[in-house]
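Notes for the one structure printed next.
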Amino acid sequence: MSDHDIVSRGGGGGARHGGPAVPDGASAELEWDRAVELIGAAEEICLACHVAPDGDALGSMLALAQALRALGKRCVASFADPFTVPAILRFLPGQEMLVEPARVPSAPELMISLDAAGRARLGGLAGRTDRAGALIVVDHHASNTAFGGVRLVDPDAAATAVLVEELIRRLGVPLDRDIALGLYAGLASDTGSFKYPCTTPEVHDLAGRLLAAGVRPDAVGRELWDRAPFGYLQVLAGALARARLERDAAGGLGLVWTTVARADRDDRDVDYDQLEGVIDQLRRTDEAEVAVVCKENDRGEWYVSTRSKGLVDVGRACVDLGGGGHRTAAAFTMGGEPACIIDRLRAALRVPGDPDD
């Protein structure tokens with residue numbers, strides 16, 4: 001799971017707090033049937049995923065776009081500004097179907113939102129959801145705000161890609177290599193290369209089907225995790241050198257945190273979207289249950305990525321601070337000095353046994 005997937009300002013995906021109830025079997029089947037019916041009847045379909053897309057958002061959207069094209073549908077796919085595909089995702093097929101957000105019809109016949117827990121996560125495309133003839137929401141965040149007329153929302157799904165694969169199957173489109181590649185990128189991203197707790201036997205079954213369709217896991221893994229410019233190594237070295245360990249934080253379970261300022265990456269010509277791997281190195285700290293990286297974006301705000309090993313619900317803490325995510329991976333954006341931001345996060349972290357836990 002990448003950072004972009006787990007946060008919004010004032011309305012993004014969150015941990016399992018206040019989200020919609022998972023529909024029962026009969027209700028869920030009705031939603032699937034309605035989605036297939038709407039897609040079958042539509043002549044033109046607009047797809048949108050959340051701003052600053054990660055592997056699950058973009059991979060799922062491009063996979064669905066290609067499946068809809070196979071059905072003979074006119075289809076466009078987009079995400080709000082900044083309209084730039086992250087460097088690590090430029091290997092994904094189907095990008096010829098991407099259009100700039102300004103080219104998305106102002107009142108789509110049918111719109112499908114992917115991997116967005118709320119309208120706000122669609123950024124500048126959010127207004128299209130109100131004007132669309134119909135809106136299908138495909139998402140796996142527990143704090144999904146229940147927007148849209150048809151909701152294919154399952155917080156127990158490991159990734160939005162899981163739900164998109166089911167939708168493609170119900171539409172009768174066979175998996176080819178290019179469709180499978182987008183789905184695999186989403187599945188691998190949001191399971192942390194199949195090492196997060198959301199990795200179930202069903203997840204591995206799906207991964208096996210995608211590999212059978214022609215996906216090479218070594219090639220995907222290299223693109224997602226095993227490539228970086230030399231400057232990134234220098235930025236990473238600086239971030240690790242600045243890391244601070246607070247053994248008494250998070251209820252005595254430990255907190256480790258660091259910062260990457262804009263100047264740090266500018267000095268090494270490293271793009272912001274190349275910083276996601278920093279948190280994966282920091283979270284290896286044995287003495288800390290929670291790892292945090294504060295990354296300064298191009299607007300001078302701090303994007304605060306958090307990870308937990310399972311005992312602390314960082315999703316709830318980030319929801320309290322205006323962001324969101326999942327129990328073990330979440331984030332929020334905030335202005336100010338990193339030390340002050342960490343003070344607020346430290347106060348928001350709760351552990352089992354807290355009075356309001």
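Positions are given from 1, in the same order as the sequence printed here.
A distance of 8.0 Å separates CG in Leu71 from CD1 in Ile45, rounded to the nearest 0.5 Å. Separating the CG atom in Leu181 from the CG atom in Leu92 is a distance of 6.0 Å, to the nearest 0.5 Å. Between the OG1 atom in Thr306 and the CG atom in Leu349 there is a gap of 7.5 Å [rounded to 0.5 Å]. The structure places CG of Asp313 at 4.5 Å from CZ of Arg327, a figure rounded to the nearest 0.5 Å. Residue Leu163 holds its CG atom at 8.5 Å from OG of Ser60, rounded to the nearest 0.5 Å. Of the inter-residue distances, the one linking Glu276 atom CD with Asp280 atom CG reads 8.5 Å to the nearest 0.5 angstrom.
Note on residues 216-225: pairs passing side-chain hydrogen bond (donor to acceptor under 3.5 Å, both in side chains), not counting sequence neighbours, are Arg216-Asp218, Glu223-Arg227. Legend: salt bridge (Lys or Arg N to Asp or Glu O under 4.0 Å) pairs involving residues 168-178, not counting sequence neighbours, sorted by first then second residue: Glu29-Arg170, Glu166-Arg169, Glu166-Arg170. Screening residues 234-244 for salt bridge (Lys or Arg N to Asp or Glu O under 4.0 Å), with sequence neighbours left out, gives Arg242-Asp264. The salt bridge (Lys or Arg N to Asp or Glu O under 4.0 Å) contacts involving residues 100-114 comprise nothing, where partners must be two or more places apart or lie in separate chains. Residues in residues 70-99 take part in these side-chain hydrogen bond (donor to acceptor under 3.5 Å, both in side chains) pairs, two or more places apart or across chains: Arg69-Glu96.
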Could you list the donor-acceptor pairs under 3.5 angstrom formed by side chains in residues 201-214, with sequence neighbours left out?
unit_1	atom_1	unit_2	atom_2	d
Glu202	OE1	Thr200	OG1	3.2

May I have the list of side-chain donor-acceptor pairs in residues 252-260 shorter than 3.5 Å, sequence neighbours left out?
unit_1	atom_1	unit_2	atom_2	d
Trp257	NE1	Glu246	OE2	2.9
Thr258	OG1	Ala239	O	2.5

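Side-chain atoms of Trp302 come within 3.5 Å of backbone atoms of Gly336 as a donor-acceptor pair (strictly under, hydrogens ignored). No donor-acceptor pair under 3.5 Å is formed between the side chain of Thr285 and the backbone N or O of Glu287. Of the possible donor and acceptor atoms, none in the side chain of Ser308 sits under 3.5 Å from a partner among the backbone N and O of Thr328. Judged by distance alone, with hydrogens and angles left aside, the side-chain atoms of Glu296 form a donor-acceptor pair with the main-chain N or O of Arg262 at under 3.5 Å. Listed for the Asp139 side chain is no donor-acceptor partner under 3.5 Å among the backbone atoms of Val153. Checking side-chain atoms of Ser113 against main-chain N and O of Ile136 turns up no donor-acceptor pair under 3.5 Å. For Arg265 (side chain) and Val235 (main-chain N/O), no donor-acceptor pair under 3.5 Å exists by modelled atom type. Under the 3.5 Å distance criterion, the side-chain polar atoms of Arg307 are left unmatched by any main-chain donor or acceptor of Ala329. With hydrogens and angles ignored, the 3.5 Å screen pairs a side-chain donor or acceptor of Gln66 with a backbone N or O of Leu62. In this structure a side-chain-to-backbone donor-acceptor pair under 3.5 Å is present from Arg151 to Ala146.
Under the 4.5 Å side-chain contact rule for hydrophobic residues, Val36 and Trp32 share a cluster. Hydrophobic clustering of Ile, Leu, Val, Met, Phe, Trp and Tyr side chains at less than 4.5 Å, counting indirect connections, unites Val215 with Met61. Using a 4.5 Å cut-off between side-chain heavy atoms of Ile, Leu, Val, Met, Phe, Trp and Tyr, with links allowed through other members, Ile279 and Leu89 fall into different hydrophobic clusters. Phe79 is connected to Leu183 through a chain of hydrophobic side-chain contacts under 4.5 Å among Ile, Leu, Val, Met, Phe, Trp and Tyr, so both are in one cluster. Two different hydrophobic clusters hold Leu64 and Leu122 under the rule that ILVMFWY side chains link at heavy-atom gaps under 4.5 Å.
Heavy atoms of other residues, nucleotides or ligands lying less than 6.0 angstrom from CD of Glu337 number 12 at most.
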#### Entry: Working for side-chain contact (heavy atoms from CB on, under 4.5 Å), residues Val278 and Leu282
CA-CA 6 Å; Val278 177; Leu282 207 65; 5.5 Å; no

### Task
Please step through side-chain contact (heavy atoms from CB on, under 4.5 Å) for the pair Val150 and Leu135, ending with a clear verdict.
CA-CA 6 Å; Val150 177; Leu135 174 63; over 6 Å; no

### Task
For Val292 and Ile342, run side-chain contact (heavy atoms from CB on, under 4.5 Å): C-alpha distance rounded to whole Å, both residues' side-chain angles, the deciding distance at 0.1 Å, then the answer.
CA-CA 9 Å; Val292 180; Ile342 292 295; 3.8 Å; yes

### Task
Might you work through the side-chain contact (heavy atoms from CB on, under 4.5 Å) test for Val270 and Leu275, ending with a clear yes or no?
CA-CA 8 Å; Val270 173; Leu275 300 177; 4.1 Å; yes

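Looking at every heavy atom in both residues, Ala87 comes nearest to Asp273 through N-OD2, 3.6 Å. Scanning all heavy atoms of the two residues, the minimum distance from Ala63 to Ile168 falls at O-CD1, 4.0 Å. Summarising the geometry of Val137 relative to Ala116, their closest heavy-atom pair is CG1-O, 4.4 Å, with the distance given to 0.1 Å. Heavy atoms only, all atoms of each residue included: Ala317 and Ala348 are closest at CB-O, 3.7 Å. When all heavy atoms of Phe91 and Ala185 are compared, the closest pair comes out as CZ-CB, 4.4 Å. When every heavy atom of Thr199 is checked against every heavy atom of Lys195, the shortest pair comes out as OG1-N, 3.8 Å.
Scored by the side-chain hydrogen bond (donor to acceptor under 3.5 Å, both in side chains) test, Arg284 finds Gln281 as partners (sequence neighbours excluded). Partners of Asp271 according to the salt bridge (Lys or Arg N to Asp or Glu O under 4.0 Å) rule, which considers only residues two or more places apart in sequence or in another chain, do not exist here. Scored by the side-chain hydrogen bond (donor to acceptor under 3.5 Å, both in side chains) test, Arg128 finds no partners at all (sequence neighbours excluded). Every residue meeting the side-chain hydrogen bond (donor to acceptor under 3.5 Å, both in side chains) condition with Thr129, not counting sequence neighbours, appears here in chain and number order: Arg119. Checked against side-chain hydrogen bond (donor to acceptor under 3.5 Å, both in side chains), Asn297 has the following partners two or more places apart in sequence or in another chain: Glu301.
Note: Tyr184 and Phe194 have tilted aromatic rings, judged against thresholds of 30 and 60 degrees for the angle between ring planes.
The side-chain contact (heavy atoms from CB on, under 4.5 Å) with Val162 is formed by just one residue from the set Asp190, Asp154, Leu187; it is Leu187.
Residues Phe332 and Tyr303 form no side-chain contact, since every pair of their non-hydrogen atoms from C-beta on lies 4.5 Å or further apart. You'll find the side chain of Thr333 stays beyond 4.5 Å of the side chain of Val304, heavy atoms only. With contacts defined as side-chain heavy-atom distances shorter than 4.5 Å, the pair Val76/Leu47 does not qualify. In this structure, Cys75 and Met97 have side chains that are in contact, with non-hydrogen atoms separated by less than 4.5 Å.
At a threshold of 4.0 Å, the pair Arg34-Glu37 does not count as salt-bridged, since none of the basic side-chain nitrogens sits closer than that to a carboxylate oxygen.
In summary, the side chains of His140 and Asn144 do not present any donor paired with an acceptor at a separation below 3.5 Å, with no hydrogens or angles considered.
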